[in-house]
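What follows is a short report on a single structure.
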Amino acid sequence: MKKFNSGKITFDYPVSWEVEKADILSNPDCIATLSKGQDNLINAVMFPTLMNLDQYKIFMEDSLSDDGGVILSSDFTRIANMDAIKLHANIDAPEINFDIHTYVFIENDVIYIFEMRTLDVSGESEREFKDMISTFKILK
């Protein structure tokens, strides 16, 4: 495992994943981008929010459904010693069909969203993503 440290957050990730240059020009809230081949991409963002987890869960589900996504599961969970939302959805776009796995944390009016887009149906990338998230820490 390697360690990702942005100065704001930290988490461990498998050596099979590569840290990409975060595209902060088109997404200034992006704090991390990782990839594993061409089939797996993780983006992490953080920004201030006035929402709580209950409110954000409804907002996120509505947004995905409005964009044509099919929500396969959406639950509250506890991971990395914090309360979170865990969501799994499928997006069937004209060019590609992929799954989205998302973990959302809200701490001290700041939201942290980790989203993995994957074509991997084996479950390996999903397990690696969960392992990464389980090591997530907010730096003080």
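Quick caveat: nothing in here was measured; it's all calculated off a predicted structure.
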Indicate yes or no: at least one non-hydrogen side-chain atom of [X] is less than 4.5 angstrom from one of [Y].
X: Tyr13; Y: Ile42; result: no
X: Ile138; Y: Val110; result: no
X: Met116; Y: Tyr103; result: no
X: Ile96; Y: Ile91; result: no
X: Met46; Y: Ser6; result: no
X: Thr102; Y: Ile113; result: yes

* Phe105 pairs by ring pair (Phe, Tyr, Trp, His ring centres under 6.0 Å) with which of Phe136, Tyr56, Phe76? ->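 One option only clears the test, and that one is Phe136.
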
Give a yes or no on this: more than 12 heavy atoms of other residues, nucleotides or ligands lie within 6.0 Å of atom [atom1] of [X].
X: Lys21; atom1: NZ; value: no
X: Asn97; atom1: CG; value: yes
X: Leu72; atom1: CG; value: yes

* For Ser35, enumerate each residue passing the side chain to side chain donor-acceptor pair (under 3.5 Å) test, keeping only those at least two apart in sequence or located in another chain. =>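 By the side chain to side chain donor-acceptor pair (under 3.5 Å) rule, Ser35 matches Glu20.
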
Main-chain N/O of [Y] paired to [X] side chain as donor or acceptor, under 3.5 Å:
X: Thr10; Y: Phe4; answer: yes
X: Asp75; Y: Thr77; answer: no
X: Glu61; Y: Ile58; answer: no

Closest non-hydrogen atom pair between [X] and [Y], with its separation:
X: Asn43; Y: Cys30; answer: OD1-SG, 4.1 Å
X: Leu53; Y: Ile106; answer: N-CD1, 3.8 Å
X: Phe129; Y: His101; answer: CE2-O, 3.3 Å

* Pairwise salt bridge (Lys or Arg N to Asp or Glu O under 4.0 Å) hits with a residue in residues 116-127, at least two apart ->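 Listed once each, the pairs are Lys36-Glu124, Glu115-Arg117.
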
* Asked: Does anything in residues 80-102 pair up under salt bridge (Lys or Arg N to Asp or Glu O under 4.0 Å), and if so which pairs, sequence neighbours excluded?
  ->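 Listed once each, the pairs are Arg78-Asp83.
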
* On the 0 to 90° scale, with breaks at 30° and 60°, tag the Phe11-Phe114 ring pair as parallel, tilted or perpendicular. =>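 Aromatic pair Phe11/Phe114 classed perpendicular.
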
* Rounded to the nearest 0.5 Å, how far does CG of Asn108 lie from OG1 of Thr49? ->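 Spacing of OG1 (Thr49) from CG (Asn108) equals 12.5 Å.
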
